[in-house]
Amino acid sequence: MKKILEIQDLRVSYHTYAGEVQSVRGVSFSIEKGETLAIVGESGCGKSVTAKTIMGLVMTPPGEIKEGSQVIYRDKNILEQSEKEWEKYRGAKCSMIFQDALTALNPTMNIGKQIMENITNHYNVSKKDAKEQAEKMLELVGIPDPALCLKKYPHELSGGMRQRVMIAIALSGKPEVLIADEPTTALDVTIQAQIIDLMKDIQKKLGTTILLITHDLGVVANIADRIVVMYSGKVMEKGTCEEIFFGHRHPYTWALLNAAPSLELERKQQLFSIEGTPPDLIHPPKGCPFAERCKYCMSICTEVEPPEYAFEDGHKACCWLYHPQSEYREIDFSKEEL
Ligand code: SF4
């Protein structure tokens, strides 16, 4: 498959009163045309900052995109493009669905105007055509009476409907890449399932590439082709959905998967949690960022950052366990005790 976006050595910091928060620290991965790539990890691991950088939404200052960072789209590092070029790119090449539709939608404009605005910003169409397209978009995302919905304001819709409207706005510019930042977090489980099915359906119909940002492993298992696991501003492991769920190689991925509640748990059995807290990104550790919480930590882990080790296909993990001299080289996480 053809790469549509390539992120290379992305480093983003925020300058605060307390000091420089190194939110994203050398992240590299690529997204292939038509696939769904999920970025998973705990809150504060840098997944949303990565997505915002791809959309050109990092405010500088207080943000700073470090020199050498690259986001390649159509053979061009878009981090170097002008504000005018960003305006053409945002919405028409790459769109974003935000976490909370109620705060992301404009409360003073009706739904019709909000969708039409995105269409007329990018395409030279008449008001009548824009309205027709807006109605079609609402129909595509499963809104029962699109013509009536165009006249409504965000507060008049339910949470699930608002999220569908957000998806319609994001798709109205016909983007090649759709970034969904925790699209189901604010919704209840039944609506979550509907939104995930809708995204799958849209991808089938339009061939849109999806970058999904989430901490919900259930959502990921349902929709992702490949997964990038992030921790502390870095990529810990990346691979196909099957490799990450059934053949993970990184102790953090193993801990993260075990921390997800399962139906197989005995009654009153305690849920597994990862002890400790993520490191302070104002003073990140010099070795592996997971060292303090890792039960396999070796002396080298706290001193030197682990390199990336490659396994079958594109499956990769940053961990010293796979050094040729490591005693754990043949570790099988499916047999490991919690
Ligand atoms: Fe654990 Fe060391 Fe691997 Fe980090 S590099 S995850 S501390 S074994």
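Predicted, not measured: the structure shown is a model, and the values here were computed from it. Read the numbers this way: they start at 1 and go in the same order the structure lists the ligands and their atoms.
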At less than 4.0 angstrom from any non-hydrogen atom of L321, what atoms of ligand 1 do you find? 8 (S)
Is Y14 reachable from V27 through a run of hydrophobic residues whose side-chain heavy atoms are each under 4.5 Å from the next? yes
Of the protein's non-hydrogen atoms, which lies at the shortest distance from atom 4 (Fe) of ligand 1, and what is that distance? C288 SG, 2.3 Å
Residue C297, metal atom 4 (Fe) of ligand 1, N/O/S under 2.8 Å: no
Looking only at heavy atoms, is any part of C319 under 4.0 Å from ligand 1, and if so is it the side chain, the backbone, or both, or is it neither? both
Ranked by distance from atom 2 (Fe) of ligand 1, the top protein heavy atom is C301 SG, 2.3 Å
cation_pi(K174, Y123) dist<6.0 Å, angle<=45: yes
Are the side chain of E176 and the backbone of C94 linked by a donor-acceptor contact shorter than 3.5 Å? no
For the residue pair Q22 and E20, confirm or rule out a side-chain donor-acceptor distance under 3.5 Å. no
Honestly, for H250 the part within reach of ligand 1 (heavy atoms, under 4.0 Å) is side chain
Taking 2.8 Å as the cut-off, does an N/O/S atom of C294 lie below it from atom 1 (Fe) of ligand 1? yes
Answer yes or no for R249 and F311: cation-pi contact, defined as NZ/CZ to six-membered ring centre under 6.0 Å and angle to ring axis within 45°. yes
Taking only non-hydrogen atoms of P251 and a 4.0 Å limit, the atoms of ligand 1 in range are 6 (S)
List the closest protein heavy-atom neighbour of atom 5 (S) of ligand 1: residue, atom name, distance to the nearest 0.1 Å. W320 N, 3.3 Å
Ion pair K234/E305, N-O distance below 4.0 Å: yes
When you measure from the side chain of K47 to the backbone N and O of G41, does any donor-acceptor pair fall under 3.5 Å? yes
